[in-house]
Number of protein chains: 2
Amino acid sequence: MPNPSSDHQAAPTHRRIPEATVGRLPVYQRILEEVLRAGTTTVSSELLGSLARVNAAKVRKDLSLLGSFGTRGAGYDTAFLIEQIDRELGLNHVWPVVIVGIGNLGRALAHSHGFAARGFRVVALLDIDAAVIGEQVGEVVVRHVDELTTIASEQPLAIGVIATPPSAAQRVADLLMQSGVRSLLNFAPKVLEVGPEVLLRYVDLSIELQIMSFYQSRMVAPGEEGAMPVIRSIGLSTTGFD
Amino acid sequence: MPNPSSDHQAAPTHRRIPEATVGRLPVYQRILEEVLRAGTTTVSSELLGSLARVNAAKVRKDLSLLGSFGTRGAGYDTAFLIEQIDRELGLNHVWPVVIVGIGNLGRALAHSHGFAARGFRVVALLDIDAAVIGEQVGEVVVRHVDELTTIASEQPLAIGVIATPPSAAQRVADLLMQSGVRSLLNFAPKVLEVGPEVLLRYVDLSIELQIMSFYQSRMVAPGEEGAMPVIRSIGLSTTGFD
DNA sequence: CGATGTGAAATGCTTCACAGCA
DNA sequence: TGCTGTGAAGCATTTCACATCG
């Protein structure tokens with residue numbers, strides 16, 4: 001059983017973590033939380049790897065970038081490792097989030113359980129539809145988009161989530177940027193134009209389906225060189241775009 | 001102006017397309033659709049690249065993997081290029097989709113407009129809540145999960161979307177796999193265990209936020225070696241997990 | 001003995017730079 | 001002339017293999 005408090009090297013401040021690794025850290029974290037909840041206090045790179053569908057050596061290399069947190073012969077202390085990943089991902093801060101567009105998707109996001117647990121505080125919900133404004137969703141009351149400037153002046157907003165119809169998405173993005181929001185998560189099926197100083201991440205549900213259909217069409221087609229019988233698993237990552 | 005019908009080399013069947021490229025193709029496709037709708041019938045790799053936030057050379061290399069579809073001196077014919085990408089992604093087929101879990105997220109997905117346009121046909125909506133069963137969402141009536149076997153025997157189901165609470169997710173995944181579904185898109189915040197023959201893709205909204213907060217914390221922290229002032233943009237990709 | 005941590009090799013991806021064509 | 005298509009170089013990531021240590 002490893003002992004978190006005695007050995008374990010302190011994490012060097014701000015080593016350069018490869019993007020590919022950053023993309024996997026939240027996945028490890030989620031798995032570790034489940035594993036811990038199940039009562040397993042120590043995990044090996046092998047176990048973690050098989051749950052994440054990742055080569056064990058890759059897991060070890062990823063984790064070694066955060067510091068030497070494992071115990072040879074035993075593995076990693078689950079709870080301790082979660083803490084280290086939290087710290088690395090900046091989840092010891094509180095990140096105020098604003099969601100714009102309170103339709104089905106916006107509601108699903110607002111209700112999302114994991115948010116609060118991970119330090120994301122939904123501080124504002126915005127829409128333009130009078131039928132929704134004033135409604136309480138979770139802890140927060142929906143307000144009109146025009147109030148964004150006021151809200152932003154009262155408190156900093158770290159992340160803006162765009163869950164509007166595509167026709168409104170660019171306008172909302174502009175508005176958020178004007179209000180000082182520097183990270184946008186866009187769920188609208190719309191290509192946004194934002195400055196290079198804005199961190200933009202795009203989650204499009206039909207894109208996910210398209211990628212799956214691509215791999216599936218390769219699976220069923222007994223193609224050329226020995227066929228490609230099996231695609232094992234595709235996960236999330238941050239690479240691919242610079 | 002390029003002429004789609006005359007020159008343009010036919011696409012070789014089943015070249016090996018890098019995963020990273022596959023991840024970008026749907027993005028190009030969405031951009032091209034918007035560009036075409038705006039009336040631009042020819043695009044350069046430069047334009048496409050700037051909209052996708054991707055190096056122009058990368059765009060050219062990506063597209064050249066599908067075949068020689070550009071016209072030197074002019075660029076790519078927008079409509080023709082869309083067709084080629086569609087074909088490559090297998091979007092000339094119809095992909096029957098089943099959505100399990102008709103809460104806010106399930107509804108948002110069921111209503112998703114782009115689905116039908118891209119050959120994804122939502123053929124079944126399933127839940128276990130009597131209050132929802134029988135309700136018509138879009139074109140389809142919600143049925144009980146127990147009917148899955150019957151539905152699957154009447155028609156093939158290509159892709160299963162899991163939009164249930166996490167506690168039900170593994171059970172639903174097992175059920176879908178038993179019914180012959182070989183591709184799962186999981187929105188539940190739950191680590192699924194599925195066989196290696198199943199294509200599994202995991203979209204977790206708090207993971208997206210975690211990654212953004214990581215980069216944001218690096219942006220504001222004027223760290224070591226010359227600081228990292230700006231993260232340009234992060235997009236979707238398929239790499240990072242094998 | 002069993003599992004980590006890590007150089008070094010192998011692989012994959014991106015970018016450059018420019019020949020070649022419309 | 002302008003923009004594509006592509007070898008080749010450069011860079012990043014993954015995987016291997018094993019020394020190391022609890």
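The analysis underlying the following values was restricted to heavy atoms, covering all of them including side chains, and did not include hydrogens, waters or symmetry mates. A, B, ... follow the sequence lines: proteins, then strands. Residue 1 opens every chain.
- Residues forming a salt bridge (charged side-chain N to carboxylate O under 4.0 Å, His left out) with K190(A) (at least two apart in sequence, or on another chain): E34(B).
- Among residues two or more places apart in sequence or in another chain, the side-chain contact (heavy atoms from CB on, under 4.5 Å) test is passed with R171(B) by A168(B).
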Polar pairs (N or O, both sides) under 3.5 Å between protein and nucleotides 3-5 of chain D?
from: dC3(D); atom 1: O4'; to: G73(B); atom 2: N; distance (Å): 3.0
from: dC3(D); atom 1: O2; to: G73(B); atom 2: N; distance (Å): 3.4
from: dT4(D); atom 1: OP1; to: S45(B); atom 2: N; distance (Å): 2.8
from: dT4(D); atom 1: OP2; to: S45(B); atom 2: OG; distance (Å): 2.8
from: dT4(D); atom 1: O2; to: R72(B); atom 2: NH1; distance (Å): 3.2
from: dG5(D); atom 1: OP1; to: F69(B); atom 2: N; distance (Å): 3.2
from: dG5(D); atom 1: OP1; to: G70(B); atom 2: N; distance (Å): 2.8
from: dG5(D); atom 1: OP2; to: Y76(B); atom 2: OH; distance (Å): 2.7
from: dG5(D); atom 1: O4'; to: R72(B); atom 2: NH2; distance (Å): 3.1
from: dG5(D); atom 1: N7; to: R60(B); atom 2: NE; distance (Å): 2.9
from: dG5(D); atom 1: O6; to: R60(B); atom 2: NE; distance (Å): 3.4
from: dG5(D); atom 1: O6; to: R60(B); atom 2: NH2; distance (Å): 3.1

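- Rounded to whole angstrom, the span from the NZ atom of K58(B) across to the P atom of dA12(D) amounts to 12 Å.
- Applying the side-chain hydrogen bond (donor to acceptor under 3.5 Å, both in side chains) criterion to S206(A), with sequence neighbours excluded, gives D204(A), R30(B).
- For dT14(C), one of the phosphate oxygens OP1 or OP2 lies less than 4.0 angstrom from a side-chain nitrogen or oxygen of R24(B).
- Going from atom CD of E19(A) over to atom P of dA12(D) covers 10 Å, rounded to whole Å.
- When each of A57(A) and P18(A) is assigned the nucleotide of DNA chain D with its nearest heavy atom, P18(A) is the one assigned upstream, toward the 5' end.
- Between the C1' atom of dT15(C) and the CG atom of D62(B) lies a distance of 12 Å, rounded to the nearest Å.
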Can you check nucleotides 8-10 of chain D for protein contacts, nitrogen or oxygen pairs under 3.5 Å, and list what you find?
from: dA8(D); atom 1: N6; to: K61(B); atom 2: NZ; distance (Å): 3.3

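- In this entry the distance linking CG of L81(A) with P of dT4(C) reads 11 Å, nearest Å.
- Under the 6.0 Å cut-off for aromatic ring centres, F69(A) and F80(A) qualify, their centroids lying closer than that.
- Between the CG atom of L65(A) and the P atom of dG7(C) there is a distance of 12 Å, given to the nearest Å.
- Between R60(A) and E46(A) there is no salt bridge, since none of the side-chain N atoms of the basic residue sits less than 4.0 Å from a carboxylate O of the acidic one.
- Considering only side-chain N and O atoms, N55(A) lies under 4.0 angstrom from the phosphate OP1 or OP2 of dC16(D).
- Under the side-chain contact (heavy atoms from CB on, under 4.5 Å) criterion, L175(B) pairs with V145(B), L148(B), Q178(B), sequence neighbours left out.
- The residues E19(B) and R218(A) are annotated as not salt-bridged, no charged nitrogen and carboxylate oxygen being separated by less than 4.0 angstrom.
- Between E193(A) and R53(B) there is no salt bridge, since none of the side-chain N atoms of the basic residue sits less than 4.0 Å from a carboxylate O of the acidic one.
- Under a 3.5 Å cut-off, the side chain of E208(B) and the backbone N or O of V203(A) do not form any donor-acceptor pair.
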